[in-house]
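Every chain is numbered from 1, with letters handed out A, B, ... down the list of sequences.
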Amino acid sequence: MSILVIAEHDNRALKEATRNTIAGAAAIGGDIHVLVAGHGCESVAQAAARITGVSRVLQADAPHLELQLAEDLAAQVVPLAADYTHVLAPATAFGKNFLPRVAALLDVAQISDVVAVNSADTFVRPIYAGNALATVQSIDPIKVISVRTTAFDAAAETGSATIDSVPPTAAFGRTRCLGREIIRSDRPELAGAAIIVSGGRGLASKENYHSVLDPLADALGAALGASRAAVDAGFAPNDAQVGQTGKIVAPQLYIAVGISGAIQHLAGMKDSKVIVAINKDPEAPIFQVADFGVVGDLFELVPELVTAIG
Amino acid sequence: MKILVPVKRVLDYNVKARVKADGSGVDLNNVKMSINPFDEIAVEEAVRQKEAGIATEVVVVSCGIAACQETLRAALALGADRAVLIETTEVLQPLAVAKLLKAVCDKEQPNLVICGKQAIDDDANQTGQMLAALLQWGQATFASKLQIDGQSSVMVTREIDGGLETLSVELPALVTTDLRLNEPRYATLPNIMKAKKKPLETITPEALGVDIAPRLKTLSVAEPATRKAGEIVADIATLVSRLKNQAKVI
Ligand SMILES: Cc1cc2nc3c(=O)[nH]c(=O)nc-3n(C[C@H](O)[C@H](O)[C@H](O)COP(=O)(O)OP(=O)(O)OC[C@H]3O[C@@H](n4cnc5c(N)ncnc54)[C@H](O)[C@@H]3O)c2cc1C
Ligand SMILES: Cc1cc2nc3c(=O)[nH]c(=O)nc-3n(C[C@H](O)[C@H](O)[C@H](O)COP(=O)(O)OP(=O)(O)OC[C@H]3O[C@@H](n4cnc5c(N)ncnc54)[C@H](O)[C@@H]3O)c2cc1C
């Protein structure tokens, strides 16, 4: 068995999601190679070479790969894929964008959001917002898999793989990136955060979202999340959305503030180790999954919590 | 300009999925089925382009059993002009759907295809990207803003990790919708009546010459481990003590 993992990175640093994906590859077993496609991405290739279990890093470096557009990335992966039994990428916005193109061009199925590996061809994946778990077996010669990062603990860094460069494929050229607005934040990223403080419609405004939740997140060193209702209303940026159609998270502690607990929201956070809910409605469905709940007005309870944590 | 929108019939998002006792799948008997919410957003976007005088025709396509006609009628009631049903009782996987849609695109020659970013039943998030690859078109997934520039390109703002990205994709192109692209209208009664008279063509995968054999075998479907409701604590002091001493997470 030989597995190719496609690295997620920004040409400077390797994203944590890559290490989770490599852990998924290790669960399948076999020789693990990592493709780093980008521009000026030596430091990323070096970081990938240090990850436990990786035997070889392939580096494709070219100006048109800098932005890692789906069309270019898929074209880069497809000719390499023939040498592997499995091609893996994280089930993040990055992986979801290009990986199905790879599968289609290879004429194989993609298995999305894998949470467990039963054998080299049999995998478990959630469907229906996590209300069911399907065990699926692939009959394709190459298995193309996106890995749910929260299901695999990040691989360690004890390795020293060789780094080889591979020739870049031609640019697609018909899609151009006009710009990226990346919101810089001093807070931890949602994916991988140990503690997440998440706010919903109950906060009533963007001002409240920040004046109430920022002090709590500061006190706990937590990342900030949100329900779809809070994002739609403009309280929080789109990439803060936790849920079936947003981010899937599984922190040690998830504090849901003014969130009712719709199925679509629960799908994104119910694997958290400990869930705390603060809601004024004792019937709110969020209490059915919470380890600890406090019923009451969030505008009083959250500041009290900040003080109590100290 | 012609816009094609694939629409999928799925379990309504308000209905909780129940796994069948024999573990063969999710029980879809006598439950409410609806148009996939992301596809409703896609139809809305296409219809707005038509209302703005940019698109001339909106064609909706569904792949699946005869009952998908209801889904297509719902899309026609939102303002689509014409519908195509690729009828089959086979279980369809994204690659097969993408191949069927490719065959339809070869025939219909749309300038733009707008898909949902994921179907809320199987949550695969694949079909649009697969279709774009098979057509060798550019793609813009997870769109929260879409603007067609003349006849040559489409500008799309995408929701990505960490923020937003704006792409310009040459036409023909494929876009998949995110939740914040628009808020779909409600179909009015007169439009629902009108939709019944709009053309709906039915074809088969065989007629399109597409192999739809599944590549994945579902061995079993199980309920996930459920979380038990915990404890409602009386006050913040108790909460902090539980988190510190019992759960040991702060
Ligand atoms: C296709 C589709 C996909 C979706 N994807 C997602 C997704 O990925 N993520 C997601 O989150 N949602 C998603 N949703 C939306 C989801 O169905 C809910 O609408 C949404 O999660 C509700 O957000 P909320 O809990 O913040 O708002 P509400 O349901 O309105 O809940 C607000 C809560 O705040 C409480 N509250 C109000 N004031 C106070 C106060 N002063 N003190 C304490 N508590 C207070 C209320 O009791 C209530 O329980 C999706 C929906 C669809 C159709
Ligand atoms: C419990 C369960 C068991 C299953 N078992 C099997 C099995 O054993 N064998 C098998 O072959 N399949 C099986 N399936 C079905 C199959 O996996 C899914 O229907 C298929 O993967 C489609 O995935 P998706 O709709 O999530 O695609 P996505 O890629 O998430 O869909 C994205 C978009 O593509 C378009 N689209 C998708 N499907 C259609 C469609 N039919 N018509 C028009 N547009 C469409 C829509 O615009 C949609 O928004 C099973 C499904 C479930 C839920």
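- Between chain A and the residues B/T226, B/V240, B/D161, the most heavy-atom pairs under 4.5 angstrom are made by B/D161.
- Chosen from A/D232, A/L133, A/V124, the residue pairing most often with chain B at heavy-atom distances under 4.5 Å is A/L133.
- If you measure heavy-atom distances from A/L99 to chain B, you find no contacts under 4.5 Å at all.
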Handout entry: Check against side-chain contact (heavy atoms from CB on, under 4.5 Å), A/V295 and B/I232
Key = CA-CA 7 Å; A/V295 178; B/I232 298 289; 4.0 Å; yes

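- With a 4.5 angstrom heavy-atom cutoff, A/I195 touches chain B only via side-chain atoms.
- Residues B/L167 and A/L69 have side chains in contact (heavy-atom distance under 4.5 Å, counting atoms from C-beta outward).
- For the residue pair A/Q244 / B/D123, a side-chain donor-acceptor distance below 3.5 Å is found, with atom types taken as modelled.
- Residue contact with chain B, scored on non-hydrogen atoms closer than 4.5 Å, involves the side chain of A/L220 exclusively.
- Interface remark: A/S146 contributes no atoms to any contact with chain B (heavy atom separation under 4.5 Å).
- For A/A132, the parts lying near chain B are the backbone and the side chain together; criterion is any non-hydrogen pair under 4.5 Å.
- When heavy atoms are compared at a cutoff of 4.5 Å, A/F172 approaches chain B solely by way of its side chain, counted from C-beta outward.
- In terms of heavy-atom pairs under 4.5 Å with chain A, the best-connected choice from B/D235, B/T166, B/V169, B/V156 is B/T166.
- The heavy-atom pair separating A/I139 from B/P214 by the smallest distance is CD1-O, 4.0 Å.
- B/Y13 OH: 12 or fewer foreign heavy atoms inside a 6.0 Å radius.
- Annotation: B/K2, atom NZ; neighbour count of heavy atoms from other residues, nucleotides and ligands within 6.0 Å is above 12.
- By the 6.0 Å contact criterion, CD on B/Q109 is enclosed, its count of non-hydrogen atoms from other residues, nucleotides or ligands being greater than 12.
- Panel note: side chain B/K117, backbone A/T245; a donor-acceptor pair is recorded below 3.5 Å.
- A distance-only check finds no donor-acceptor pair linking the side chain of A/R180 to the backbone of B/I160 [under 3.5 Å].
- For B/L95, the part sitting under 4.5 Å from any heavy atom of chain A is the side chain, from C-beta outward, and nothing else.
- Using a 4.5 Å cut-off between heavy atoms, A/D271 contacts chain B through its backbone alone, with no side-chain atom that close.
- At a heavy-atom cut-off of under 4.5 Å, chain A is reached by B/R242, B/L243, B/K244, B/Q246, B/A247, B/V249, B/I250 from residues 241-250 of chain B, listed in order of number.
- Interface with chain A: from residues 170-181 of chain B, residues B/E170, B/L179, B/R180 qualify, criterion being any non-hydrogen pair under 4.5 Å.
- In this structure, chain B has a heavy atom under 4.5 Å from the side chain of A/Q241, while its backbone stays farther away.
- In this structure, the portion of A/I263 lying under 4.5 Å from any heavy atom of chain B is its side chain and not its backbone.
- Contact tally against chain A (heavy-atom pairs below 4.5 Å) for B/P224, B/S144, B/A132, B/A98: the top residue is B/P224.
- Rounded to the nearest 0.5 angstrom, A/R174 CZ and B/S168 OG are separated by 12.5 Å.
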Handout entry: Steps toward salt bridge (charged side-chain N to carboxylate O under 4.0 Å, His left out) verdict (A/R125, B/D122)
Key = CA-CA 10 Å; A/R125 60 176 302 261; B/D122 206 46; 3.3 Å; yes

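- Of the atoms belonging to B/A222, heavy atoms from both backbone and side chain fall under 4.5 Å from chain A.
- Between B/T218 and A/T135, the closest side-chain pair of non-hydrogen atoms is not below 4.5 Å.
- Considering all non-hydrogen atoms of both residues, B/Q126 and A/S112 come closest at NE2-OG, 2.6 Å.
- Residue B/Q136 places its CD atom among 12 or fewer non-hydrogen atoms of other residues, nucleotides or ligands, all under 6.0 Å distant.
- Ranked by non-hydrogen atom pairs under 4.5 Å with chain B, the options A/A103, A/A194, A/G179 are led by A/G179.
- You'll find the side chain of A/L178 stays beyond 4.5 Å of the side chain of B/E165, heavy atoms only.
- For A/K273, the parts lying near chain B are the backbone and the side chain together; criterion is any non-hydrogen pair under 4.5 Å.
- Heavy atoms closer than 4.5 Å to chain A are found nowhere in B/R18, neither backbone nor side chain.
- Residue pairs that meet the side chain to side chain donor-acceptor pair (under 3.5 Å) test with at least one member in residues 289-310 of chain A, sequence neighbours left out, are A/D291-B/R227.
- Here A/F94 pairs with A/F98 under the ring-ring contact (aromatic ring centres under 6.0 Å, His included) rule; sequence neighbours left out.
- Using modelled atom types, one finds a donor on one side chain and an acceptor on the other under 3.5 Å when comparing B/Q139 with A/N97.
- Top candidate by heavy-atom pairs under 4.5 Å with chain A, chosen from B/G162, B/S153, B/A140, is B/G162.
- The part of B/L239 that comes within reach of chain A is its side chain, from C-beta onward, which places non-hydrogen atoms under 4.5 angstrom from that chain.
- Summarising the geometry of A/R101 relative to B/G138, their closest heavy-atom pair is NH1-C, 4.3 Å, with the distance given to 0.1 Å.
- Contact of the B/L219 side chain with the A/T122 side chain is registered, since non-hydrogen atoms from C-beta on lie closer than 4.5 Å.
- Interface residue B/K99: only side-chain heavy atoms are found under 4.5 Å from chain A.
- A 6.0 Å sphere centred on CD of B/E108 holds more than 12 heavy atoms belonging to other residues, nucleotides or ligands.
- Residue A/S138 holds its OG atom at 9.0 Å from CZ of B/R215, rounded to the nearest 0.5 Å.
- Looking at A/V102, neither its backbone nor its side chain comes within 4.5 Å of chain B, counting heavy atoms on both sides.
- Interface remark: of the candidates A/I309, A/V294, A/D140, A/D140 forms the most heavy-atom pairs closer than 4.5 Å to chain B.
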Practice task
Would you sort out whether A/V136 and B/K217 count as a side-chain contact (heavy atoms from CB on, under 4.5 Å), showing the intermediate values?
Solution key: CA-CA 5 Å; A/V136 296; B/K217 227 167 44 195; over 6 Å; no

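- With chain B as the partner, the residue from A/I275, A/L67, A/L190 showing the most heavy-atom pairs under 4.5 Å is A/I275.
- Contact of the B/D121 side chain with the A/I127 side chain is not registered, since no non-hydrogen atoms from C-beta on lie closer than 4.5 Å.
- Using a 4.5 Å cut-off between heavy atoms, B/V19 touches chain A through its side chain atoms alone.
- With chain B as partner, the option from A/S272, A/P126, A/G173, A/G246 having the largest number of non-hydrogen pairs under 4.5 angstrom is A/S272.
- Between B/F142 and A/K96 there is a side-chain heavy-atom pair separated by less than 4.5 Å.
- Looking at every heavy atom in both residues, B/L134 comes nearest to A/A104 through CD2-O, 3.8 Å.
- Of the listed residues B/K228, B/E183, B/R158, the one with more heavy-atom pairs under 4.5 angstrom with chain A than any other is B/R158.
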